[in-house]
Asks: 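Before I ask anything, let me first share the structure, which is written out below as structure tokens.
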Protein chains: 2
Amino acid sequence: MLKISELSARTGLSTHTLRYYEKHGLISASERSEAGYRYYSDTDVRRVEFVRTARHIGFSLNDILDLLSIRLDKSRHSCQEVTDITEAKLAEVNARIAELQSMRQTLQILLDSCCGGPESATHCSIMEALEAEQEAEVEKDRRLGSDAR
Amino acid sequence: MLKISELSARTGLSTHTLRYYEKHGLISASERSEAGYRYYSDTDVRRVEFVRTARHIGFSLNDILDLLSIRLDKSRHSCQEVTDITEAKLAEVNARIAELQSMRQTLQILLDSCCGGPESATHCSIMEALEAEQEAEVEKDRRLGSDAR
DNA sequence: ATAAACCTTAGAGTCAGGTCTAAGGTCAAC
DNA sequence: GTTGACCTTAGACCTGACTCTAAGGTTTAT
Ligand SMILES: [Zn+2]
Ligand SMILES: [Zn+2]
Ligand SMILES: [Zn+2]
Ligand SMILES: [Zn+2]
């Protein structure tokens, strides 16, 4: 049986975070001392490590709640339920990557258009692009060949 | 001179957001009626549109504060200051993309390993990977050939 | 003159995932 | 038998960018 600070040392999660996870139903300590001290069994520890691993991969705490309820009784759940959660996460990640790649493209075009030199920004094409209505997007489309889409 | 709801209609930013931007020093109305109603001049409108365009590209409100102070007196600022901000943003975006791509890779490996079928999750390799200490990462490294890095 | 549609402010709430504090109780070692 | 390290709780605070509410004041059209 580990005390919370020992579990913290072992998992790398702060005691604050462990209590936070408990409050949100992700983990628990199977025993408490008379004074209320949390004591974690091996089973508790494995659950915490499951949460930490899932969190590290990028699952949200809500995703992890779903995964944990499957974990609690695997025989009553299917592989498909697991892949559904995983695929939903992958779709989120892909959507976010696409947004960021669009941002990157725009930023790169802006950088390519600016001299970046030490002289006055009165002629700066980045500033001009930000002034102009949707100009950056238009320029981006032109460069990428929007009609090839 | 536009009233706030007219500016809202024109820019697509809510009146709440416009007031929020004002409170944070991004924009302002150059006139107020006796009762305190905001009235926006063409110059004000262009500033709001600048903010909206920069926001749309992905700059944070703090980035935009910096860009606005350059915009206010371009002759006292250089192209380099502008590219510094833009490059910093690009670096942030690239870092975030790298994180997400790592997540994507892990999720894809998990999905590849699981049958995704309707039978019991007792044998589910995704669940196993989440149970096992760092196993997913190890598997990922193996597949990608970590020694080739 | 009155109703609808607008405007004002300060301040609270939202999301996620923590992070920290205050005020106090407990336990081990010396 | 007391120091110091640990533990407990409820609840406040943080980031960022909004979003909304309450309670009231103004404008415009009829
Ligand atoms: Zn230049
Ligand atoms: Zn420039
Ligand atoms: Zn299966
Ligand atoms: Zn499976």
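Chain naming here is simple, since letters A, B, ... match the order of the sequence lines and numbering starts at 1 in each. Just so you know, these numbers come straight off a predicted model, no measurement behind them.
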Asks: Is there a donor-acceptor contact under 3.5 Å from the side chain of Ser28(A) to the main chain of Ser30(A)?
Replies: no
Asks: Please check this pair: side chain of Thr17(A) against backbone of Leu13(A), looking for a donor-acceptor N/O pair closer than 3.5 Å.
Replies: no
Asks: With heavy atoms under 4.0 Å as the rule, sort Arg19(A) into base, sugar-phosphate or nothing.
Replies: base
Asks: Not counting sequence neighbours, which residues clear side chain to side chain contact (heavy atoms under 4.5 Å, CB included) with Phe59(B)? List them please.
Replies: Leu107(A), Ala54(B), Ile57(B), Asp63(B), Ile64(B), Leu67(B), Ile85(B), Thr86(B), Lys89(B)
Asks: So what does Tyr21(B) hit on the nucleic acid, given a heavy-atom distance under 4.0 Å: a base, only sugar-phosphate, or nothing?
Replies: sugar-phosphate
Asks: Does dC7(C) have OP1 or OP2 under 4.0 Å away from a side-chain N or O of Thr15(B)?
Replies: no
Asks: Have a look at the helix from dA1(C)-dT30(D) to dC30(C)-dG1(D) and give the angle its two end axes make, five pairs each, rounded to 10 degrees.
Replies: 30°
Asks: I'd like to know if the side chain of Arg47(B) reaches the main chain of Leu26(B), judged simply by a donor and an acceptor atom lying under 3.5 Å from each other, with no hydrogens or angles considered.
Replies: yes
Asks: Any base atoms under 4.0 Å from Ser14(B), or only sugar-phosphate, or nothing? Heavy atoms, all strands.
Replies: nothing
Asks: Within this structure, what is the NZ-to-C1' distance between Lys3(A) and dC6(D), rounded to whole angstrom?
Replies: 6 Å
Asks: Just N and O in the side chain of Arg38(B): are any of them under 4.0 Å from OP1 or OP2 of dT9(C)?
Replies: yes
Asks: At less than 4.0 Å, is any side-chain N or O atom of Thr17(A) found next to OP1 or OP2 of dT19(C)? Yes or no.
Replies: yes
Asks: Mind checking if Ser60(A) touches a base, just sugar-phosphate, or nothing, with heavy atoms under 4.0 Å?
Replies: sugar-phosphate
Asks: Can you check whether Arg55(A) has a side-chain N or O nearer than 4.0 Å to OP1 or OP2 of dA16(C)?
Replies: no
